[in-house]
Amino acid sequence: MLTLASKLKRDDGLKGSRTSASASDSTRRVSVRDKLLVKEVAELEANLPCTCKVHFPDPNKLHCFQLTVSPDEGYYQGGKFQFETEVPDAYNMVPPKVKCLTKIWHPNITEAGEICLSLLREHSIDGTGWAPTRTLKDVVWGLNSLFTDLLNFDDPLNIEAAEHHLRDKEDFRNKVDDYIKRYAR
């Protein structure tokens, strides 16, 4: 992270001193997305929920990172759930792409890792979808909330999990615990 921020500062400093027209665009241009991400990642790291950790496999690629959510209450307490986030070039006009890498029994996350979270939708009929005013901090807090207050059995993506909860809450909890033991430690 500091590497990209340092690069941005260095590039800004070099702009004025460069007179050669032969310098390549790739060394001078930094995308709008990357400039936004430098600011947003700093804000995100300063305001992470205590149940979340962010990891950047390559500090020069702020647009690809992993999030670990470790809920400390509710059905999913004790599990560690990995999410992969990719921020597209058109960010902040379009939302980041997020996938859950941990197999989970959840009404709003499929076993294949698809996530039902309105702020991750580019177009949302309820008006709570992505907007250019949203940030990575909103995404992380939203994902964290899927394990507590945004856990939604009434509008599920994984219908089978939601119906299971309606049918037998105790058996639902047992299946969640089983998935945590098998996939989320």
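This chain uses plain numbering: 1 for the first residue, then up along the sequence.
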I want to check something: taking the side chain as every heavy atom from C-beta on, are [X] and [Y] in contact at a cut-off of under 4.5 Å?
X    : Y    : result
L62  : D34  : no
C52  : W141 : no
S31  : Y91  : no
R173 : Y75  : yes
R134 : V139 : no
R121 : C116 : yes
L117 : N108 : no
L136 : L37  : yes

Say you draw a straight line from [atom1] of [X] to [atom2] of [Y]; how long is it, rounded to the nearest 0.5 Å?
X    : Y    : atom1 : atom2 : result
Q77  : D177 : CD    : CG    : 10.0 Å
N92  : L36  : CG    : CG    : 5.0 Å
W105 : I180 : CH2   : CD1   : 14.0 Å
N174 : D168 : CG    : CG    : 8.0 Å
M93  : E122 : CE    : CD    : 9.0 Å
K97  : E86  : NZ    : CD    : 9.5 Å

Heavy-atom pair with the smallest gap, counting every atom of [X] and [Y]:
X    : Y    : answer
P95  : L119 : CB-O, 4.1 Å
D138 : T133 : OD2-O, 4.4 Å
I104 : T110 : CG2-O, 4.4 Å
A162 : P107 : CB-CB, 4.1 Å
Y183 : T102 : O-CG2, 3.4 Å
L120 : P96  : CD2-O, 3.9 Å

Treating H106 as the side-chain partner and L146 as the backbone partner, does any N or O pair qualify as donor plus acceptor under 3.5 Å? yes
Sub-3.5 Å donor-acceptor pair from the side chain of S145 to the main-chain atoms of T148, do we have one? no
What about [X] and [Y], same hydrophobic cluster or not, with Ile/Leu/Val/Met/Phe/Trp/Tyr joined at side-chain heavy-atom distances under 4.5 Å?
X   : Y    : value
F81 : L157 : no
V69 : L101 : no
V94 : L143 : no

Only one of R182, K175, K103 passes salt bridge (Lys or Arg N to Asp or Glu O under 4.0 Å) with E111; say which it is. K103
F172 and ring-ring contact (aromatic ring centres under 6.0 Å, His included): which partner among F153, Y179, Y76? F153
Run the side-chain hydrogen bond (donor to acceptor under 3.5 Å, both in side chains) test on T51 and D72 for me, step by step, so that the C-alpha distance in whole Å, both residues' side-chain angles and the decisive distance to 0.1 Å come before the verdict. CA-CA 7 Å; T51 55; D72 58 4; 5.6 Å; no
With side chain to side chain donor-acceptor pair (under 3.5 Å) as the test, pick out the partner of T68 among K53, K80, Q82. Q82
Test side-chain contact (heavy atoms from CB on, under 4.5 Å) applied to L44 and L48, step by step: CA-CA 6 Å; L44 172 64; L48 265 180; 3.9 Å; yes
